[in-house]
Peer 1: 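Quick one: this structure, given as structure tokens, is what I'll be asking you about.
These values consider heavy atoms only, across backbone and side chains, with no hydrogens, waters or symmetry-generated copies.
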Amino acid sequence: MPAIGATLREARMRAHIDISEIESATKIRAKYLRALENEEWDLLPGPTYVKSFLRTYAEALGLDARLLLEEYKLRHERLSDIELQPIAPPGRDMGGRRRRGGGGGPAIPRAYVIWFVVLALLAGIYLLGNSSSNNGTSPTSVPTGASKPVATTPSTSKKKAAPRFARLQIVATAPVYVCLKAAGSRTLLNGVTLMPGASTQTYRSSRFDLTLGNSNARMRVNGRLLTVPAVTTGIGYRVTPRGRRSLAPGKRPVCA
């Protein structure tokens, strides 16, 4: 498997995502994200933070976080001192010496130990019974033929994490002017005109601001193909992981 840092860096570069966008989406400081990409583990707070940051960063890029974590453990985590100790065979202590009788006092017969345990259990049951009687918490009788109530717990389902990035592609059905900017006012399409049948690449960002000169376009937003209503003076949208919404004329992006 390629190096962990190289895998993260190449995935981010392929998606045209800046390190500042990852920082904003994951709330992980940029210097720690760079440390992950450069595998500078000593710059991170500790192994627990390394694994937490690594999982969050991988999921933000759409990678398999479990595989990267397993790779990190194989390469950089050592076995604990207990796991490194040899297993002593029966009859020997950890120094390899065989245990010998004598010198340690007489052994307690096994039958005495069993009786002691049984008596302790009976004493515990007796004390618990007296405690229930004194507190007036005697078991409630169930009528014959009636089934006992069964305690139920509400089922809990793990909520699916909301996506951190939006995906956007523009498909022209006729000539259409496009001005597209990503989060941080980063210009992706600087006032270009798409010809009929042309389409842009699929961009990823935490937010897009878009101006279209007319309705001769379709938008693929987070995998859904959306149409543009007929307009004569242009239209603007903001696209986020939750979907798209219209922008007022004064809020639309302007390209050179």
Side-chain angles (χ1 to χ4, degrees), residues 1-84 158-170 179-190 200-210 220-223 237-245 247 251-256:
M1 180 178 179
I4 297 172
T7 301
L8 294 172
R9 188 184 304 108
E10 291 172 4
R12 178 176 62 81
M13 297 297 288
R14 283 197 307 269
H16 304 283
I17 300 175
D18 188 74
I19 200 79
S20 61
E21 295 183 50
I22 299 293
E23 179 183 28
S24 175
T26 62
K27 309 304 180 184
I28 300 175
R29 297 174 63 181
K31 69 175 185 178
Y32 293 147
L33 296 174
R34 294 191 183 94
L36 289 173
E37 289 189 354
N38 297 327
E39 297 194 17
E40 297 173 333
W41 313 117
D42 294 339
L43 299 181
L44 294 156
T48 301
Y49 286 92
V50 171
K51 289 183 280 189
S52 177
F53 290 170
L54 185 58
R55 179 185 296 106
T56 302
Y57 194 0
E59 290 176 350
L61 293 173
L63 298 174
D64 191 334
R66 181 180 59 81
L67 290 179
L68 290 179
L69 286 172
E70 290 297 330
E71 187 69 16
Y72 171 78
K73 292 177 183 178
L74 289 175
R75 294 187 182 185
H76 303 287
E77 285 193 343
R78 296 185 303 176
L79 294 176
S80 65
D81 293 336
I82 294 177
E83 292 173 323
L84 292 174
K158 186 177 180 181
K159 294 183 179 179
K160 186 177 181 180
R164 295 186 175 91
F165 297 101
R167 292 177 288 118
L168 172 64
Q169 182 186 35
I170 302 169
C179 175
L180 176 63
K181 295 188 178 184
S185 299
R186 182 162 58 95
T187 301
L188 301 178
L189 295 174
N190 192 14
T200 67
Q201 69 183 72
T202 299
Y203 297 100
R204 287 182 53 176
S205 180
S206 58
R207 188 188 73 239
F208 296 100
D209 287 334
L210 168 69
R220 193 177 300 277
V221 178
N222 301 329
Y237 291 104
R238 170 160 291 181
V239 178
T240 66
R242 294 179 178 273
R244 76 173 186 182
R245 63 180 178 85
L247 289 177
K251 299 291 185 178
R252 299 171 188 172
V254 178
C255 292

Peer 1: Could you tell me the separation between the OG1 atom of Thr56 and the CG atom of Leu61, rounded to the nearest 0.5 Å?
Peer 2: 11.0 Å
Peer 1: Does atom CZ (Arg29) have a neighbourhood of more than 12 heavy atoms from anything else shown, all under 6.0 Å?
Peer 2: no
Peer 1: Locate the shortest heavy-atom distance separating Glu21 from His16; write the atom from each residue and the value.
Peer 2: OE2-O, 4.4 Å
Peer 1: Please report the shortest heavy-atom distance between Ala166 and Pro241, naming the atom on each side.
Peer 2: CB-N, 3.6 Å
Peer 1: Between CG of Leu33 and CD of Glu23, what distance do you get to the nearest 0.5 Å?
Peer 2: 6.5 Å
Peer 1: To the nearest 0.5 Å, tell me how far Ile28 CD1 sits from Tyr57 OH.
Peer 2: 9.0 Å
Peer 1: Minimum heavy-atom separation for Pro45 and Phe53, please, with both atom names.
Peer 2: CD-CE1, 4.3 Å
Peer 1: Run Leu54 and Glu71 through side chain to side chain contact (heavy atoms under 4.5 Å, CB included) and show every step you take.
Peer 2: CA-CA 11 Å; Leu54 185 58; Glu71 187 69 16; over 6 Å; no
Peer 1: Look only at the side chain of Thr26 and the backbone of Ile22, and say whether a donor-acceptor pair between them is shorter than 3.5 Å.
Peer 2: yes
Peer 1: Walk me through whether Tyr203 and Leu180 qualify under side chain to side chain contact (heavy atoms under 4.5 Å, CB included).
Peer 2: CA-CA 10 Å; Tyr203 297 100; Leu180 176 63; 3.9 Å; yes
Peer 1: How long is the straight-line distance from OH of Tyr49 back to CG of Leu44, given to the nearest 0.5 Å?
Peer 2: 11.5 Å
Peer 1: Phe165 and Ala25: which non-hydrogen atoms are nearest, and at how many Å?
Peer 2: CZ-CB, 4.0 Å
Peer 1: Using atom types as modelled and distance alone, determine if a side-chain donor or acceptor of Thr200 lies under 3.5 Å from a backbone N or O of Ile170.
Peer 2: yes
Peer 1: Checking Glu39 side chain against Gly5 main chain: does a donor-acceptor pair fall under 3.5 Å?
Peer 2: yes
Peer 1: Could I get the full list of side chain to side chain contact (heavy atoms under 4.5 Å, CB included) partners for Val221, not counting sequence neighbours?
Peer 2: Leu168, Met219, Leu226, Val239
Peer 1: Start with the C-alpha gap between Arg9 and Asn38, add the side-chain angles, then the distance that decides, and say whether side chain to side chain donor-acceptor pair (under 3.5 Å) holds.
Peer 2: CA-CA 9 Å; Arg9 188 184 304 108; Asn38 297 327; 3.1 Å; yes
Peer 1: Yes or no on side chain to side chain contact (heavy atoms under 4.5 Å, CB included) for Tyr32 and Leu36, after CA distance, side-chain angles and deciding distance?
Peer 2: CA-CA 6 Å; Tyr32 293 147; Leu36 289 173; 5.8 Å; no
Peer 1: So, the side chain of Asn222 versus the backbone of Arg167: is there a donor-acceptor pair under 3.5 Å, distance only?
Peer 2: yes
Peer 1: Looking at Ile17, is its backbone amide N or carbonyl O close enough to the side chain of Arg12 to form a donor-acceptor pair, meaning the two atoms are under 3.5 Å apart?
Peer 2: yes
Peer 1: Between Asp209 and Arg238, which heavy-atom pair has the shortest distance, and what is it?
Peer 2: OD1-NE, 2.8 Å
Peer 1: Could you walk me through whether Trp41 and Val50 pass the side chain to side chain contact (heavy atoms under 4.5 Å, CB included) check?
Peer 2: CA-CA 7 Å; Trp41 313 117; Val50 171; 3.7 Å; yes
Peer 1: Distance-only, no hydrogens or angles: does the Ser24 side chain make a donor-acceptor pair with backbone N or O of Ser20 under 3.5 Å?
Peer 2: no
Peer 1: If you round to the nearest 0.5 Å, how far is CG of Leu68 from CD of Glu59?
Peer 2: 10.5 Å
Peer 1: Looking at SG of Cys179 and CG of Leu189, how far apart are the two atoms once the value is rounded to the nearest 0.5 Å?
Peer 2: 8.5 Å
Peer 1: For a 4.5 angstrom cut-off between non-hydrogen side-chain atoms, does Arg34 reach Ile19?
Peer 2: yes
Peer 1: Shortest non-hydrogen contact from Pro253 to Leu210?
Peer 2: CG-N, 3.6 Å
